[in-house]
Amino acid sequence: MLSNKRIQELELVMEFEKVEECFKEVSSWIESVGRKRLKETINLDDSLEMLLQAQKQFREFDLIASEYCKRGQEALKKMNQWEDFSFVDVHSYRVKLQTYGDQLEEFCTQLDETRHRVCETVRLYEFFDKVRQGICCTEEGVNS
């Protein structure tokens with residue numbers, strides 16, 4: 001039984017090393033690219049044209065960022081099997097996984113919030129643009 005336990009521990013450690021490589025790549029991208037790009041979308045431009053351009057750029061970024069989030073979430077799912085084991089020897093690995101998971105969850109949440117904010121801001125600007133055009137057309141009709 002002790003031998004089986006050790007074999008399971010080794011298998012988990014080997015699996016963790018594969019998952020950790022994935023998380024290191026995802027984590028590195030989040031820190032070096034992802035967070036920086038999210039911060040850039042905090043201040044959206046004041047014109048509809050510039051806002052639409054920012055939305056297009058964000059969508060391109062969003063596709064890449066969503067892929068990183070998906071990869072990280074899939075790696076976490078692979079490690080869900082660790083919950084079934086109560087080995088003391090794997091505690092440090094669980095802590096690392098929790099740290100990676102927290103970072104991933106925070107970034108994915110920020111990405112979702114930014115996606116929603118950009119979309120809503122564009123909709124609002126489009127509405128105001130239609131209202132402005134309506135007012136201009138009404139004024140032209142009155143002046144004629």
Side-chain angles (χ1 to χ4, degrees), residues 5-144:
K5 178 182 171 184
R6 290 293 175 203
I7 289 172
Q8 287 177 331
E9 285 177 357
L10 288 173
E11 288 171 351
L12 287 174
V13 168
M14 289 171 28
E15 182 67 24
F16 177 80
E17 288 174 356
K18 291 178 192 173
V19 170
E20 187 176 33
E21 282 303 312
C22 175
F23 271 119
K24 283 181 180 178
E25 182 181 336
V26 170
S27 178
S28 175
W29 185 88
I30 287 172
E31 293 304 319
S32 64
V33 178
R35 291 194 194 285
K36 179 180 169 186
R37 290 290 304 270
L38 283 179
K39 285 179 184 177
E40 290 173 0
T41 55
I42 288 175
N43 298 321
L44 296 170
D45 291 311
D46 289 336
S47 72
L48 180 58
E49 296 80 24
M50 295 299 289
L51 186 57
L52 289 171
Q53 180 64 27
Q55 182 185 36
K56 180 183 176 194
Q57 291 172 351
F58 177 77
R59 283 183 177 158
E60 293 168 2
F61 163 74
D62 188 26
L63 288 173
I64 296 166
S66 294
E67 184 61 33
Y68 275 97
C69 287
K70 182 180 173 184
R71 286 175 56 202
Q73 289 164 347
E74 287 173 358
L76 275 177
K77 285 180 187 176
K78 286 181 184 178
M79 298 315 296
N80 280 341
Q81 65 180 339
W82 284 50
E83 297 301 320
D84 298 336
F85 297 94
S86 59
F87 305 136
V88 176
D89 297 356
V90 296
H91 177 73
S92 64
Y93 296 107
R94 286 184 186 165
V95 170
K96 284 183 180 182
L97 281 175
Q98 184 64 45
T99 301
Y100 287 133
D102 291 347
Q103 178 194 35
L104 180 67
E105 183 180 342
E106 177 190 354
F107 177 77
C108 293
T109 299
Q110 289 175 348
L111 182 65
D112 289 341
E113 290 170 354
T114 303
R115 183 184 310 115
H116 178 73
R117 185 174 52 81
V118 168
C119 181
E120 289 301 310
T121 304
V122 167
R123 287 180 54 205
L124 184 62
Y125 271 69
E126 288 172 337
F127 172 76
F128 284 135
D129 195 51
K130 287 178 185 176
V131 169
R132 184 184 54 79
Q133 289 175 1
I135 291 172
C136 289
C137 291
T138 303
E139 287 177 354
E140 286 176 7
V142 170
N143 291 334
S144 302

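Everything numeric here is computed off the predicted structure, so don't read it as measured data.
Between G101 and L76, the shortest heavy-atom contact is CA-CD1, 3.8 Å. Contact record, G72 with L104: C-CD2, 3.3 Å, taken as the closest heavy-atom pair.
Side chains of Q103 and F23 form no contact here, defined as non-hydrogen atoms less than 4.5 Å apart. Side-chain contact between E25 and Y68 is present, with heavy atoms from C-beta onward closer than 4.5 Å.
In this view, L124 and F128 satisfy the side chain to side chain contact (heavy atoms under 4.5 Å, CB included) rule, not counting sequence neighbours. Every salt bridge (Lys or Arg N to Asp or Glu O under 4.0 Å) that R115 has, sequence neighbours left out, goes to D62, D112. Remark: E106 engages R35, Q110 in a side chain to side chain contact (heavy atoms under 4.5 Å, CB included) (not counting sequence neighbours). Judged as a ring pair (Phe, Tyr, Trp, His ring centres under 6.0 Å), and not counting sequence neighbours, the contacts of F107 are W29. Considering only residues two or more places apart in sequence or on other chains, T41 meets the side chain to side chain donor-acceptor pair (under 3.5 Å) condition with none of them. Listed by chain and number, the residues in a side chain to side chain donor-acceptor pair (under 3.5 Å) with R117 amount to none (sequence neighbours excluded).
Checked for salt-bridge contact, E74 and K77 miss the test: no charged N lies under 4.0 Å from a carboxylate O.
The environment of CD in Q57 is crowded: more than 12 heavy-atom neighbours from other residues, nucleotides or ligands sit within 6.0 Å.
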